[in-house]
A.B. asks: 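Take a look at the following structure, please.
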Number of protein chains: 2
Amino acid sequence: MSKQELEVIGQGADGCCDGLASAPLDDERAAQLAKVFKALGDPIRLRLLSMIASREGGEVCVCEMTPAFDLSQPTISHHLKLLRQAGLIDCERRGTWVYYWVLPGVLDQLAAFLTTPQTAGATA
Amino acid sequence: MSKQELEVIGQGADGCCDGLASAPLDDERAAQLAKVFKALGDPIRLRLLSMIASREGGEVCVCEMTPAFDLSQPTISHHLKLLRQAGLIDCERRGTWVYYWVLPGVLDQLAAFLTTPQTAGATA
DNA sequence: CCTCTATGTTGACGTTTTTCGATTCAAGGC
DNA sequence: GCCTTGAATCGAAAAACGTCAACATAGAGG
């Protein structure tokens with residue numbers, strides 16, 4: 001259940017992401033990143049992710065998330081799957097319940113990608 | 001031509017965004033943010049934005065962007081419009097040509113929103 | 001084994017998104 | 001004024017998406 005994420009952001013071993021503003025994105029990288037942003041581009045998924053990310057223990061049971069929305073259980077399950085496929089979260093079954101947590105690093109890498117260098121054109 | 005952006009991110013005068021991981025997102029804020037992330041959730045738009053953001057002078061003419069893609073001119077125009085409506089870019093007509101630039105701050109605010117506090121649960 | 005609860009999956013439906021061709025609008029040059 | 005060029009808008013077609021009801025699966029507890 002936990003082997004479905006994409007290798008979303010990390011590219012080279014050189015630390016990684018090159019920032020939106022450092023050079024025009026090539027096609028492949030744009031496609032990778034778009035997949036993650038698309039996953040974030042839905043209010044339900046944003047709330048789910050925030051719900052998980054803001055949780056003290058770092059984990060949230062599906063049984064807690066489902067009733068927080070005015071949506072059917074399959075729909076929530078579907079959104080969680082998309083977040084997982086985007087490489088943002090992962091999950092594990094423990095007994096009857098399934099717990100989700102945020103995969104560390106990914107959000108920060110995304111943030112780094114969006115952050116524009118204070119001195120524009122630094123890399124050039 | 002430049003009065004169409006959304007008031008996307010800035011909320012209070014208190015500096016603003018409260019970070020994905022600080023507390024569960026409320027419905028309204030999730031909707032606002034989702035709109036921006038949705039704009040970023042397309043490879044073409046990501047490349048357009050990167051093209052503009054990485055440009056030395058900060059401005060790019062549409063006439064330079066259109067031929068860089070294997071898409072029709074109306075399609076590029078459409079994507080630029082979505083980026084503009086998301087509050088990420090703005091444009092101005094100068095003579096025959098239209099120039100686009102990245103609205104400052106928005107990307108950094110988004111980045112700040114995504115950045116998770118190093119010490120998890122800091123706000124709690 | 002059977003049943004019950006918690007989740008994930010499937011198939012269908014309506015809505016939104018992406019894309020294009022055709023048209024329209026804006027500005028310059030004749 | 002008319003024509004040309006650059007860009008936005010319109011209308012329509014195809015694809016992708018969000019949602020649900022129905023079903024399937026996993027584990028707990030008889």
A.B. asks: Hey, does B:R94 reach any base, or is it just sugar-phosphate, or nothing, if we go heavy atoms under 4.0 Å?
C.D. replies: nothing
A.B. asks: What contact category does A:H78 fall into here, base, sugar-phosphate, or nothing, at under 4.0 angstrom with non-hydrogen atoms?
C.D. replies: base
A.B. asks: Please confirm whether any donor atom in the side chain of B:Q73 sits under 3.5 Å from an acceptor in the base of D:dA8, or the reverse.
C.D. replies: yes
A.B. asks: Rounded to whole Å, how long is the line connecting atom CG of B:D42 with atom C1' of C:dT19?
C.D. replies: 11 Å
A.B. asks: Check whether any side-chain nitrogen or oxygen of A:K38 sits under 4.0 Å from OP1 or OP2 of D:dC17, and answer yes or no.
C.D. replies: yes
A.B. asks: Of A:L48, A:L103, A:L107, which is the lone residue that meets side-chain contact (heavy atoms from CB on, under 4.5 Å) with A:L88?
C.D. replies: A:L107
A.B. asks: Just to be sure I understand the rule, does B:L82 reach a base, reach only the sugar-phosphate, or reach nothing, if contact means heavy atoms closer than 4.0 Å?
C.D. replies: sugar-phosphate
A.B. asks: OP1 or OP2 of C:dC20 versus the side-chain N and O atoms of B:S72: is any pair under 4.0 Å?
C.D. replies: yes
A.B. asks: Does OP1 or OP2 of C:dT7 have a side-chain N or O of A:S77 closer than 4.0 Å?
C.D. replies: no
A.B. asks: Rounded to the nearest Å, what distance is computed from the CD atom of residue B:E92 to the P atom of nucleotide C:dA26?
C.D. replies: 16 Å
A.B. asks: Rounded to whole Å, how long is the line connecting atom CG of A:L48 with atom C1' of C:dT7?
C.D. replies: 14 Å
A.B. asks: Can you tell me if B:K81 touches the phosphate of D:dT9, counting only side-chain N or O atoms and a distance under 4.0 Å to OP1 or OP2?
C.D. replies: yes
A.B. asks: From C-beta outward on A:V62, which listed nucleotide comes closest to its side chain: C:dT7, C:dT18, D:dA7?
C.D. replies: C:dT7
A.B. asks: Starting at atom CD1 of B:I76, determine the distance to atom C1' of C:dT18, rounded to an integer number of angstrom.
C.D. replies: 11 Å
A.B. asks: Closest nucleotide of DNA chain D for B:T96 versus for A:G41: which of these residues is on the 5' side?
C.D. replies: B:T96
A.B. asks: So how far is it from A:I52 CD1 to A:I89 CD1, rounded to the nearest 0.5 Å?
C.D. replies: 4.5 Å
A.B. asks: Regarding B:L71, tell me which of base, sugar-phosphate or nothing describes its non-hydrogen contacts under 4.0 Å with the strands shown.
C.D. replies: sugar-phosphate
A.B. asks: Expressed in angstrom and rounded to an integer, what is the separation of B:D70 atom CG from C:dC20 atom P?
C.D. replies: 8 Å
A.B. asks: Distance check, rounded to the nearest 0.5 Å: B:L83 atom CG versus B:H78 atom NE2?
C.D. replies: 10.0 Å
A.B. asks: Would you kindly give the CZ-to-C1' distance between A:R93 and D:dA24, to the nearest whole Å?
C.D. replies: 12 Å
A.B. asks: Would A:L82 end up clustered with A:V106 when hydrophobic side chains under 4.5 Å apart are linked, directly or stepwise?
C.D. replies: no
A.B. asks: Considering the options B:E92, B:M65, B:E59, which one meets the side-chain contact (heavy atoms from CB on, under 4.5 Å) requirement together with B:Y100?
C.D. replies: B:M65
A.B. asks: Could you tell me the separation between the CH2 atom of A:W97 and the C1' atom of C:dT5, rounded to a whole number of Å?
C.D. replies: 9 Å
A.B. asks: A:P74 has a side chain; which of D:dT9, D:dT19, C:dG8 sits nearest to it?
C.D. replies: C:dG8
A.B. asks: Quick check against the 3.5 Å criterion: does B:R45 have a side-chain atom that pairs as donor or acceptor with the backbone of B:K38?
C.D. replies: yes
A.B. asks: Calculate the interatomic distance between B:Y99 atom OH and D:dA8 atom P; express it in whole Å.
C.D. replies: 13 Å
A.B. asks: Among D:dG6, D:dA8, C:dT7, which is the nearest nucleotide to the side chain of B:Y100?
C.D. replies: D:dA8
